[in-house]
Participant: 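For reference, the structure I am asking about is given below.
If you're wondering where the values come from, they're calculated on a predicted model, not measured in any experiment.
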Amino acid sequence: MMRIGGKRLLGLGFGRGTPSPAVTVARRGYHERVVDHYNNPRNVGSFDKNDPSVGTGLVGAPACGDVMKLQIKVDDESGKIVDACFKTFGCGSAIASSSVATEWVKGKQMEEVLTIKNTEIAKHLSLPPVKLHCSMLAEDAIKAAVKDYEAKKAKMTGKEEAVSSGKAAEA
């Protein structure tokens with residue numbers, strides 16, 4: 001009896017081609033894009049946060065415990081995002097949202113990525129209403145990474161101007 005129950009639990013006890021109810025529910029639970037980005041996440045990793053060409057966005061959702069770190073690497077000359085990566089502690093929808101976000105920001109201008117909305121990510125992944133907060137985290141992480149990069153750039157520009165004005169005063 002236990003042997004049959006175990007096979008059913010694993011999806012092996014219903015004959016050929018007939019998945020167990022557990023497997024069927026799992027297939028219906030998430031859209032195939034979510035499953036794909038969860039099983040094969042793109043751009044997992046991190047950059048040196050002290051690199052002036054890197055912007056880091058760290059956001060979290062206290063209600064569910066998801067935490068998302070998204071980083072962008074920007075070409076200072078063109079203002080284009082040349083690379084992106086993420087690390088996410090959370091559910092499959094949060095990981096998939098992060099993965100999609102990093103794919104979408106690559107090769108785009110800074111102003112352009114700020115127009116990416118959580119609704120677009122949610123629609124692309126076919127997220128159910130209960131998982132919309134995951135796409136909101138991704139949007140917030142993009143904005144936070146851009147803000148961090150711009151703050152670093154402003155700080156560097158301010159230092160350069162201070163050095164330039166100091167040299168001008170000496171002359």
Side-chain angles (χ1 to χ4, degrees), residues 22-161:
V23 173
T24 304
V25 170
R27 284 188 190 149
R28 275 193 236 144
Y30 286 106
H31 189 272
E32 63 188 40
R33 285 193 197 109
V34 175
V35 174
D36 178 41
H37 279 275
Y38 175 75
N39 288 331
N40 308 299
R42 282 62 150 188
N43 311 307
V44 175
S46 61
F47 302 128
D48 177 10
K49 66 179 181 178
N50 297 319
D51 182 343
S53 68
V54 171
T56 303
L58 183 63
V59 295
C64 66
D66 292 345
V67 178
M68 188 178 293
K69 179 176 87 170
L70 187 140
Q71 293 181 297
I72 55 173
K73 188 173 277 196
V74 183
D75 177 31
D76 293 327
E77 299 291 319
S78 66
K80 274 191 177 179
I81 296 172
V82 293
D83 204 359
C85 63
F86 79 94
K87 282 190 177 180
T88 295
F89 178 78
C91 65
S93 297
I95 292 167
S97 295
S98 305
S99 180
V100 166
T102 58
E103 287 288 285
W104 285 6
V105 300
K106 283 183 178 181
K108 293 192 172 134
Q109 293 290 333
M110 300 283 279
E111 304 81 34
E112 195 177 351
V113 300
L114 291 173
T115 65
I116 295 173
K117 299 293 175 212
N118 71 297
T119 51
E120 296 166 340
I121 296 169
K123 186 177 179 180
H124 177 74
L125 292 172
S126 299
L127 294 178
V130 73
K131 293 294 184 177
L132 290 180
H133 68 279
C134 298
S135 61
M136 289 180 204
L137 279 177
E139 179 186 344
D140 292 344
I142 293 169
K143 289 178 179 175
V146 169
K147 186 177 178 181
D148 181 59
Y149 170 77
E150 289 176 343
K152 283 182 180 178
K153 190 173 179 183
K155 191 175 179 182
M156 294 298 288
T157 305
K159 283 183 180 178
E160 289 171 7
E161 288 175 5

Participant: Kindly give the heavy-atom pair with the smallest separation between Val113 and Ile81, and that separation in Å.
Facilitator: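 Closest approach of Val113 to Ile81: CG1-CD1, 3.7 Å.
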Participant: Sort and list the pairs that fulfil ring-ring contact (aromatic ring centres under 6.0 Å, His included) and have at least one residue in residues 51-87, not counting sequence neighbours.
Facilitator: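 Passing the test, one end in residues 51-87: no pairs.
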Participant: If every non-hydrogen atom of Cys134 is compared with every non-hydrogen atom of Ala94, which pair is closest and at what distance?
Facilitator: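 Looking at all heavy atoms of both residues, the closest pair is SG-N, 3.6 Å.
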Participant: Can you list everything that forms a ring pair (Phe, Tyr, Trp, His ring centres under 6.0 Å) with His124? Sequence neighbours excluded, please.
Facilitator: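 Listed in chain order: Trp104.
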Participant: Taking all atoms of both residues into account, what is the closest heavy-atom pair of Ala122 and Leu132, and its distance?
Facilitator: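 Smallest heavy-atom distance, with atoms named: CB-CD2, 3.5 Å.
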Participant: Can you see which heavy atom on Ser78 is nearest to which on Asp75, and at what distance?
Facilitator: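 Minimum heavy-atom separation between Ser78 and Asp75: OG-OD2, 2.8 Å.
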Participant: Stepwise, does the side-chain contact (heavy atoms from CB on, under 4.5 Å) test hold for Arg42 with Asn40?
Facilitator: CA-CA 6 Å; Arg42 282 62 150 188; Asn40 308 299; 4.1 Å; yes
Participant: Can you name the nearest heavy-atom pair linking Asp66 to His133, along with the distance?
Facilitator: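 Scanning both residues completely, I find the closest heavy atoms to be OD2-NE2, 3.6 Å.
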Participant: How long is the span from the CD1 atom in Ile121 to the CZ atom in Arg33, to the nearest 0.5 Å?
Facilitator: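 Reported value, rounded in 0.5 Å steps: 13.0 Å.
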Participant: Going through the distances and angles, do Lys147 and Asp140 end up as a salt bridge (charged side-chain N to carboxylate O under 4.0 Å, His left out)?
Facilitator: CA-CA 10 Å; Lys147 186 177 178 181; Asp140 292 344; over 6 Å; no
Participant: Pick one: which of Ser97, Ser99, Ser98 meets side chain to side chain donor-acceptor pair (under 3.5 Å) with Thr88?
Facilitator: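 Filter result, single survivor: Ser98.
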Participant: Only counting residues at least two apart or in another chain, list the ones meeting salt bridge (Lys or Arg N to Asp or Glu O under 4.0 Å) with Lys143.
Facilitator: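 Testing Lys143 for salt bridge (Lys or Arg N to Asp or Glu O under 4.0 Å), a comparison that skips the adjacent residues, returns Glu139.
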Participant: Applying side-chain contact (heavy atoms from CB on, under 4.5 Å), run through Val54 and Asp48 and close with a yes or a no.
Facilitator: CA-CA 7 Å; Val54 171; Asp48 177 10; 5.9 Å; no
Participant: Taking atom OH of Tyr38 as the centre, does the number of heavy atoms from other residues, nucleotides or ligands within less than 6.0 Å exceed 12?
Facilitator: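 No, because the 6.0 Å sphere around OH of Tyr38 holds 12 heavy atoms or fewer from other groups.
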Participant: Roughly how far, to the nearest 0.5 Å, is CE of Met68 from CG of Leu58?
Facilitator: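 The CE atom of Met68 is 10.5 Å from CG of Leu58, to the nearest 0.5 Å.
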Participant: To the nearest 0.5 Å, tell me how far Glu103 CD sits from His37 NE2.
Facilitator: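 If we round to the nearest 0.5 Å, Glu103:CD and His37:NE2 are 6.5 Å apart.
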Participant: Test Ser126 against Val34 for side-chain contact (heavy atoms from CB on, under 4.5 Å), laying out the working first.
Facilitator: CA-CA 8 Å; Ser126 299; Val34 175; over 6 Å; no
Participant: Decide yes or no for His31 and Leu125: does some side-chain heavy atom of the first lie under 4.5 Å from some side-chain heavy atom of the second?
Facilitator: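 No - every pair of side-chain heavy atoms lies 4.5 Å or more apart.
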Participant: As an exercise, state the distance from OG of Ser53 to CD of Glu77, rounded to the nearest 0.5 Å.
Facilitator: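 Output value for this atom pair is 12.0 Å.
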Participant: Closest heavy-atom contact between Ala145 and Leu70?
Facilitator: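 Nearest heavy atoms, Ala145 then Leu70: CB-O, 3.7 Å.
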Participant: Determine whether more than 12 heavy atoms belonging to other residues, nucleotides or ligands lie under 6.0 Å from atom NZ of Lys80.
Facilitator: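 No - once you tally the heavy atoms of other residues, nucleotides and ligands closer than 6.0 Å, there are 12 at most.
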Participant: Just do the side-chain contact (heavy atoms from CB on, under 4.5 Å) check on Cys64 and Cys91 with the steps written out, would you?
Facilitator: CA-CA 9 Å; Cys64 66; Cys91 65; over 6 Å; no
Participant: Does the side chain of Asp148 reach to within under 4.5 Å of the side chain of Lys49, using non-hydrogen atoms?
Facilitator: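 Not in contact.
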Participant: How long is the gap from CG on Leu137 to CD1 on Ile142, to the nearest 0.5 Å?
Facilitator: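 So the gap between those two atoms works out to 11.0 Å.
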Participant: Looking at Lys153, I want to see if its NZ is surrounded by more than 12 non-hydrogen atoms of other residues, nucleotides or ligands under 6.0 Å.
Facilitator: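 Not more than 12 within 6.0 Å, no.
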Participant: When rounded to the nearest 0.5 angstrom, what distance separates OG1 in Thr56 from CD in Gln71?
Facilitator: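 One finds 3.5 Å between OG1 of Thr56 and CD of Gln71.
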